[in-house]
There are 2 protein chains.
Amino acid sequence: MSTLANAPYHHGNLRQALLEAALIILDREGEAGLGLRDLARAVGVSAAAPYRHFDSRAALLEALAVTGFQRFAATMEAVAATNPVDPMSAMGKTYVFFALENANLFRLMFSPQLKKEGRPGLKMAADAAFETLRHIVGGDIRAGRIKALAAWAKVHGLAILLLDGQIAVRAGEDTEALIAEIIGSL
Amino acid sequence: MSTLANAPYHHGNLRQALLEAALIILDREGEAGLGLRDLARAVGVSAAAPYRHFDSRAALLEALAVTGFQRFAATMEAVAATNPVDPMSAMGKTYVFFALENANLFRLMFSPQLKKEGRPGLKMAADAAFETLRHIVGGDIRAGRIKALAAWAKVHGLAILLLDGQIAVRAGEDTEALIAEIIGSL
DNA sequence: ACCTGAACACCGTTCAAGT
DNA sequence: ACCTGAACACCGTTCAAGT
């Protein structure tokens, strides 16, 4: 614990401080609410300072999305490691829970705008995460490509629709139970 | 056909002209590329002029999304009217095709940012469109809520993943056939 | 090596003023 | 009634200058 709350940033690891603050702002406000100037203000630094560590706003967003894919892959591996009876369904539920618990980060990970920027780090992180998924699933079930894609579509769609509030969860209804029912057995 | 290409706007239906130009820009550039000032320039009018017809940029986007939901509902009704042998699958395919053919409009229709604005017109248009869907499906198959939600999730997820280029369509592979395979029989 | 201050070229939005 | 011109409070980004 340092003596002054904002002292460490001025000469310490500004990059890390920016990423941590950005993750919090992203979580609360969404991507559109995450301005570079706001971020600099939040961290107590000049508007130009972030440019020492990130080429552009897109580069900062990319870094966030990359950590998102890493967390995502780690979460999926953790479930697989528990050797669930129905691995596909367990992973499907985890996929949806991850999306709900990291709503704005999940959206950023799949943001078409960011993808259009063509940043290589994002594609690499996404590919690595899905490679991990394929590895886990492939070792267990020889589902075939079509079945795998169908399962992915179902799970991803459920995540997005819940995230966007399109699927109305009824009063007194358990979201977790609803997800389990919809996923059924993949 | 008027004598001068940009003459009608100066005293005609600017609102309509803005919407038409906006739809084209949205289609090409995506929501982020659709600036009010750009739009005004494209239509040959001052930067302040659009405010006579739309409260804000969000109001303009809402109007676009609303026409998107209307087109969507009309498209779905058109398929249902052909009395396909497997109505659910036929509608599922149409849902995905609509998303692919109207990529940026579809994204705008489900934009969380726009939804967060809480504009009532958007919710009404979306509700009306899904009510139409429910009506078509409900009359045909008494699927039950869970099955209906599962089908929706699968179709919506497939649309989003294809739109975002996450599902790799292989060289020489027919996208249409791949969609049909993944949807299978709903 | 890392950060600041001031500037540049933009935004969305408002408002008095024009026709 | 509808549109313009000029302004306001912002952005992201750059760059010389400071330490």
Side-chain angles (χ1 to χ4, degrees), chain A residues 2 4-22 25-26 28-65 108 111 113-119 122, chain B residues 2 4-22 25-26 28-65 108 111 113-119 122:
Chain A
S2 52
L4 289 167
N6 54 353
Y9 306 145
H10 293 285
H11 42 62
N13 45 349
L14 178 57
R15 187 193 155 88
Q16 195 57 30
L18 287 168
L19 284 174
E20 282 168 20
I25 296 176
L26 173 68
R28 277 206 295 253
E29 318 279 352
E31 183 255 287
L34 178 54
L36 268 192
R37 289 179 106 111
D38 290 343
L39 180 59
R41 260 188 292 270
V43 157
V45 94
S46 83
Y51 285 89
R52 271 311 118 186
H53 300 94
F54 299 99
D55 284 354
S56 61
R57 196 182 98 103
L60 186 266
L61 293 178
E62 181 197 23
L64 295 177
L108 182 66
S111 157
Q113 293 187 53
L114 199 54
K115 176 157 194 157
K116 211 166 51 177
E117 297 275 335
R119 305 216 141 242
L122 179 61
Chain B
S2 53
L4 289 167
N6 54 352
Y9 307 145
H10 294 284
H11 42 63
N13 46 348
L14 178 55
R15 188 192 155 88
Q16 194 56 30
L18 287 168
L19 284 174
E20 282 168 21
I25 296 176
L26 174 68
R28 277 206 295 253
E29 319 279 352
E31 182 255 288
L34 178 55
L36 268 191
R37 288 179 105 112
D38 291 342
L39 180 59
R41 260 189 292 270
V43 158
V45 94
S46 84
Y51 286 89
R52 272 310 116 188
H53 301 95
F54 299 99
D55 283 354
S56 61
R57 197 181 96 104
L60 187 265
L61 293 178
E62 181 198 24
L64 295 176
L108 182 66
S111 158
Q113 294 186 54
L114 199 55
K115 176 158 193 159
K116 211 166 51 181
E117 298 274 336
R119 306 216 141 243
L122 178 61

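Chain naming here is simple, since letters A, B, ... match the order of the sequence lines and numbering starts at 1 in each.
Here the options are A/L34, A/L122, A/L26, the test is side chain to side chain contact (heavy atoms under 4.5 Å, CB included), and the partner is A/L108; only A/L26 passes.
Distance from the side chain of B/L36 is smallest to C/dT13 among C/dC11, C/dT13, D/dC11. Among C/dT4, D/dT4, C/dT13, the nucleotide with an atom closest to any side-chain atom of B/S46 is D/dT4. Among C/dT14, D/dG12, C/dC3, the nucleotide with an atom closest to any side-chain atom of B/Y51 is C/dT14. Minimum atom distance to the side chain of A/R37 is reached by C/dA7, of the listed C/dC3, D/dC3, C/dA7. When distances are taken from the side chain of B/R57 to each of D/dG12, C/dC11, C/dT13, the shortest belongs to C/dT13. Ranking D/dT13, C/dC15, D/dT14 by closeness to the B/A48 side chain, first place goes to C/dC15.
If you take NE2 of B/H53 and P of D/dT4, they are 11 Å apart, rounded to a whole angstrom. If you measure from atom CD1 of B/I25 to atom P of C/dC11, you get 12 Å, rounded to the nearest angstrom. If you take CG of B/N13 and P of D/dA1, they are 18 Å apart, rounded to a whole angstrom. The distance from atom CG of A/L60 to atom C1' of D/dC11 is 15 Å, rounded to the nearest whole Å. Here D/dG12 presents its P atom at 13 Å from CG of A/L18, a figure rounded to the nearest Å. Taking atom CG on B/L61 and atom C1' on C/dT13, their separation rounds to 15 Å, with Å as the unit. For the pair A/R41 CZ and C/dT4 C1', the interatomic distance rounds to 15 Å; values are reported in whole Å. One atom, CG of B/L14, and another, P of C/dT19, lie 19 Å apart when rounded to the nearest Å.
Pairing for C/dA6 goes to D/dT14, judged as Watson-Crick or G-U wobble with the two contacts each under 3.5 Å. Pairing of C/dT19, defined by two Watson-Crick or G-U wobble distances under 3.5 Å, is identified with D/dA1.
With contacts defined as side-chain heavy-atom distances shorter than 4.5 Å, the pair A/V45/A/L39 does not qualify. The closest side-chain heavy-atom distance from A/H53 to A/L14 is below 4.5 Å.
When all heavy atoms of A/A40 and A/P50 are compared, the pair lying nearest together is CB-CG, 4.0 Å.
Side-chain N/O atoms of B/R52 include none lying less than 4.0 angstrom from OP1 or OP2 on C/dC15. Using a 4.0 Å cut-off, no side-chain N or O of B/R15 falls inside it from OP1 or OP2 of D/dC3.
Comment: B/E31 engages B/R57 in a salt bridge, judged by a side-chain N to carboxylate O separation of less than 4.0 angstrom.
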